[in-house]
Amino acid sequence: MPVALVTGASRGLGRQIAITLSAHGFSIVLNYMSSEKEADDLVKKLGNGSIAVRADVGDMKQVGKMAEKIDRTFGRLDAIINNAGIAKDNLLLKQNEQEWDIIMRTNLRGCFNVIRSASPVMIQTGGGHIINISSYSGVKGKAGQAAYSASKAALLGLTISAALELSEYNIKVNALLPGYLITEMGMTAQKAAEKAKEESILNTLSQPQEAADFILFLLKTKNITGQVFSLDSRII
Ligand code: NAP
């Protein structure tokens, strides 16, 4: 049975990705940081031998232990969905160093930590897919989201570099801009949600299920790597 690591899968988009991949035959490594009850409840529903693993993606030691646990439990890893992320919106002139650092540590270094620690497990069974969840803000920027936008833009550089380096191990690396989602993160900025809708050709926001279905499709492909996919109708 193929194994997928989904970071930040206790809530929101990550949760929907975990449910969708599990329904299509993946064992899920459901990573979370604080929402233990949500993670435990979900993993019971998923079946397929899925496990929940608490790890702060920004902490290399914790991520390293998670990778060891994946290796011990399954001995393989077919997909990594780097989904864990935080926003903490603030104006640039009001943002302090601590806020900047925690956003970069989670959204950017978190992805590096996971790729660095978990790719060797993937390599030993012949490769797989890594999908990094970036954001429209990473391409277009957004007032009040300098740190978040910077972290998500940097993820695109990381995605392409990783695609180049890891192709020799048959690992495909792509990035998604999932659109504006009404998750806990999306709900914290009502005005931004309205603006996203106005900017959309179809005048709609996005659905976690559509992103999860796209990920499922991408995991079945063999010839796509180093790409960035935008999943809504805003012009980039
Ligand atoms: P969310 O509802 O706030 O959920 C965030 C998830 O990330 C939670 O499961 C949380 O786990 C986890 N997390 C946060 N910090 C973590 C850490 N240090 N280590 C491990 N897990 C951590 O957010 P979402 O809307 O689903 O967003 C998911 C991803 O999509 C993020 O990368 C976000 O930037 C991106 N995105 C979202 C939108 C949107 O409109 N919502 C748009 C574009 C991109 P705990 O609860 O256990 O802490």
Side-chain angles (χ1 to χ4, degrees), residues 5-20 28-43 52-63 65-66 80-89 101-114 117-118 131-142 145 147-156 158-159 175-197 199-200 204-212 214-215 228-232 234 236:
L5 164 62
V6 185
T7 69
S10 51
R11 299 185 274 121
L13 176 58
R15 178 186 160 87
Q16 204 57 44
I17 296 167
I19 291 170
T20 303
I28 306 297
V29 180
L30 190 163
N31 161 256
Y32 69 99
M33 188 169 78
S34 333
S35 305
E36 187 173 6
K37 184 172 180 336
E38 287 84 347
D40 286 346
D41 288 350
L42 179 57
V43 89
V53 183
R54 188 196 170 280
D56 173 357
V57 293
D59 182 320
M60 185 57 121
K61 270 196 194 153
Q62 293 182 30
V63 173
K65 282 189 184 157
M66 177 165 69
I80 297 172
I81 318 299
N82 272 316
N83 166 81
I86 55 170
K88 294 192 179 297
D89 292 2
D101 286 347
I102 185 80
I103 293 166
M104 288 297 168
R105 182 179 176 280
T106 306
N107 297 2
L108 181 56
R109 186 137 64 89
C111 263
F112 162 71
N113 289 345
V114 172
S117 303
I131 300 177
N132 297 323
I133 306 298
S134 178
S135 168
Y136 181 81
S137 303
V139 179
K140 301 289 277 188
K142 191 183 279 177
Q145 281 201 332
Y148 180 82
S149 302
S151 70
K152 293 296 185 178
L155 266 189
L156 304 181
L158 174 63
T159 298
L176 294 193
L177 322 178
Y180 200 108
L181 310 165
I182 300 300
T183 56
E184 277 182 48
M185 181 186 286
M187 282 189 293
T188 55
Q190 193 55 39
K191 275 191 183 158
E194 283 161 20
K195 190 160 181 274
K197 205 172 165 186
E199 286 171 353
S200 299
T204 53
L205 297 179
S206 298
Q207 300 294 331
Q209 186 62 58
E210 200 158 59
F214 191 87
I215 287 168
V228 179
F229 297 97
S230 177
L231 303 186
D232 68 13
R234 287 173 289 180
I236 53 171

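All values below were derived from every heavy atom in this structure, side-chain atoms included, with hydrogens, water molecules and symmetry-related copies excluded. Start at 1 and go down the list; that is how both ligands and their atoms are numbered.
For atom 34 (O) of ligand 1, the nearest non-hydrogen atom of the protein is Y148 OH, 2.6 Å. Protein heavy atom in closest approach to atom 26 (O) of ligand 1: L13 N, 2.8 Å. With hydrogens left out, the protein atom closest to atom 18 (N) of ligand 1 is D56 OD1, 2.8 Å, a heavy atom. Protein heavy atom at the shortest distance from atom 12 (C) of ligand 1 is G8 CA, 3.5 Å. Nearest protein heavy-atom neighbour of atom 22 (C) of ligand 1: A84 CB, 3.7 Å. Closest to atom 24 (P) of ligand 1 among all protein heavy atoms lies T183 OG1, 3.6 Å. Given atom 5 (C) of ligand 1, the protein heavy atom at minimum distance is G85 O, 3.8 Å. The protein atom (non-hydrogen) at minimum distance from atom 44 (C) of ligand 1 is S134 O, 3.2 Å.
The shortest heavy-atom contact between Y180 and R234 is N-NH2, 3.5 Å. Scanning both residues, A87 and I103, for their nearest heavy atoms gives O-CD1, 3.2 Å. N31 and L5 get closest at one heavy-atom pair: CB-CD1, 4.2 Å. Of all non-hydrogen atoms in L155 and L108, the two that sit nearest each other are N-CD1, 4.1 Å.
No side-chain donor from either of Q62 and D56 sits under 3.5 Å from a side-chain acceptor of the other. A donor and an acceptor atom, one from each side chain of D232 and S200, are nowhere located under 3.5 Å apart. Judged by distance alone, the side chains of S151 and N107 do bring a donor and an acceptor atom under 3.5 Å apart.
Residue M185 approaches ligand 1 through these ligand atoms, each under 4.0 Å from one of its heavy atoms: 2 (O), 3 (O), 23 (O), 25 (O), 33 (C), 34 (O), 37 (C). Close contacts between ligand 1 and E184 involve ligand atoms 2 (O) [criterion: under 4.0 Å to a heavy atom]. In summary, the atoms of ligand 1 found under 4.0 Å from a heavy atom of G12, numbered by their order in the structure, are 2 (O), 26 (O). Heavy-atom contacts of S135 reach the following atoms of ligand 1: 43 (C), 44 (C) (cutoff under 4.0 Å). Using a 4.0 Å cut-off to heavy atoms of N31, the atoms of ligand 1 that qualify are 20 (C), 21 (N). Short contacts between ligand 1 and S35, defined as distances under 4.0 Å to a heavy atom of the residue, involve ligand atoms 45 (P), 46 (O), 47 (O).
Where the criterion is an N or O separation shorter than 3.5 Å, residue side chain and backbone included, S10 meets it with respect to ligand 1. Polar contact with ligand 1: absent for Y180 (N/O pair, distance under 3.5 Å). The shortest N or O to N or O distance between P178 and ligand 1 is not below 3.5 Å. Not one N or O of G58 is nearer than 3.5 Å to an N or O of ligand 1, by distance alone. At a 3.5 angstrom cut-off on N or O pairs, L181 counts as close to ligand 1. For V57, a nitrogen or oxygen atom sits less than 3.5 Å from a nitrogen or oxygen atom of ligand 1, counting backbone and side chain alike.
In the candidate list I182, T106, D232, V63, T106 is nearest to atom 16 (C) of ligand 1, counting heavy atoms. Looking at E36, R11, R105, it is R11 that brings a heavy atom closest to atom 1 (P) of ligand 1. Closest heavy-atom approach to atom 31 (C) of ligand 1 among the candidates I133, N107, N83: N83. Taking each of A211, G179, A55 in turn, the one with a heavy atom nearest to atom 42 (C) of ligand 1 proves to be G179.
With rounding to the nearest 0.5 Å, the separation of CG in D89 from NZ in K191 is 13.0 Å. Note: I215 CD1 to I131 CD1 = 5.0 Å, rounded to the nearest 0.5 Å. Taken to the nearest 0.5 Å, the OG1 atom of T204 stands 8.0 Å off from the NZ atom of K197. We find the CG-CG distance between L181 and L205 to be 8.5 Å, quoted to the nearest 0.5 Å. For the atom pair I86 CD1 and T106 OG1, the distance stands at 3.5 Å (nearest 0.5 Å). Note that CZ of R11 and CD of Q16 are 14.5 Å apart. Values are rounded to the nearest 0.5 Å.
The backbone N or O of E38 lies less than 3.5 Å from no partner atom in the side chain of S35, so there is not a single donor-acceptor pair. In this structure a side-chain-to-backbone donor-acceptor pair under 3.5 Å is present from T188 to M185.
Within the structure, the closest approach of K152 to ligand 1 falls below 4.0 Å when heavy atoms are considered. Residue contact annotation: I86 has a non-hydrogen atom under 4.0 Å from ligand 1.
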